[in-house]
Protein chains: 2
Amino acid sequence: MASSDQAVVTEFFAEGHDHSACREAALAAAEAICRTRGMRFTRLRRRVLELIWDRDYPVKAYELLEQLRGERSGAAPPTVYRTLDFLLREGFIHRVESLNAYIGCGDPGHAHPVQLLVCRHCYKVAELADDDVARLLQQKAYARGFAVDAAVVELEGVCPRCGG
Amino acid sequence: MASSDQAVVTEFFAEGHDHSACREAALAAAEAICRTRGMRFTRLRRRVLELIWDRDYPVKAYELLEQLRGERSGAAPPTVYRTLDFLLREGFIHRVESLNAYIGCGDPGHAHPVQLLVCRHCYKVAELADDDVARLLQQKAYARGFAVDAAVVELEGVCPRCGG
DNA sequence: GGATAGTTTGATACTATATAACATAAAGAG
DNA sequence: CTCTTTATGTTATATAGTATCAAACTATCC
């Protein structure tokens, strides 16, 4: 575990996890990052990121849409998907492929490999963000002449709280 | 690479890859496996597996449906999805999560970890099937108290033929 | 060989997920 | 202020997957 970036591991599964503190930190970070990158952290974008962090479970696009509809007159699928695309591009959220859902990134602004632990019981998701894993995958692929640009790594199983 | 199961690596990206030979072998294997497991390798199931192997690219469910419609009167989405579920359960195909598509498994009948190399240029997919990777993922998750049941590992990048 | 229990497929309807295309509005640069 | 770019609104459509019940098939047992 020597070289793993432990700072990134969000202790999502822990009893004491203060999700609302994470939320505030993530929103502040997103705002700051947008400022330094010259991107616009608009009300819509902020609001969608808030809604994602409001739950500590993966959120689906159409759940977000439904919530937005209570707040904005003309919210439609593109409203949500475009905003999700932005948040993904900027690294503020991650997409959980195996659930078609989205979670807030616990460490926006620091590039890190993304590996997700998905509890099949409570459906919470934690980030592993392990450099050793990323490196091994890269090496193994390279040995086949394959140059890796991006990786989807999602481990389904049982989290410690659910008796993993 | 010591402990990796090299037999499983399909050389999908190689020039000389004889896809139709793979196809025939896979179909014969599926038939034999069904016999030993007491499962029914019905005409529909065989046909869908054939259609998947007919292309050497990942195939989408609705492409299969369209082709089936030319052959069977009443083919409908459930026809395809139920058959895909069967083929997945028996390990004859793999689902590519990042493409919502399906590929034939190059080594049905032998349990193996599934890691996919997805070329973003030609869209071909190869199996890595590396035990070291599976083991490392398991270890890293276990260190967080997480018990892994299944893994989605898909590496997107450029294959050797496309200049990776 | 016929009853029957289990499995597979047919058929209809529906839900869920995501994108295309074009119009309008808002923000930043000169 | 006006021009350009970026963001959002709006309508329509494409793609992906599931629920439900009925009919047909298969294997088995008597």
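Here is the naming used below: chain letters follow the sequence lines, and residue numbers restart at 1 for every chain.
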### Query
What is the nucleic acid contact for B/R95, judged by heavy atoms within less than 4.0 Å: base, sugar-phosphate only, or nothing?
sugar-phosphate

### Message
Counting primed atoms plus P, OP1 and OP2 as sugar-phosphate and everything else as base, spell out the protein contacts along nucleotides 5-12 of chain C at 4.0 Å heavy-atom distance: B, S or - for each nucleotide, 5' to 3'.
### Response
--SSBBBB

### Query
Cationic tip of B/R45 within the cone over B/F86's six-membered ring, i.e. under 6.0 Å and within 45° of the normal?
yes

So, is [X] near the phosphate of [N], with a side-chain N or O under 4.0 Å from OP1 or OP2?
X	N	value
A/Y102	C/dA18	yes
A/Y81	C/dT19	no
B/K60	D/dT15	no

Under 3.5 Å donor-acceptor, [X] side chain and [Y] backbone:
X	Y	value
A/H112	A/H110	yes
B/Q115	B/D130	yes
B/H19	B/R55	yes
B/E127	B/C105	no

#### Entry: Under 3.5 Å donor-acceptor pair, A/Y62 side-chain atoms to C/dA18 base atoms
yes

### Message
Rounded to whole Å, how long is the line connecting atom CG of A/D85 with atom C1' of C/dA20?
### Response
14 Å

### Results of salt bridge (charged side-chain N to carboxylate O under 4.0 Å, His left out) for A/E66 - residues two or more places apart only
none

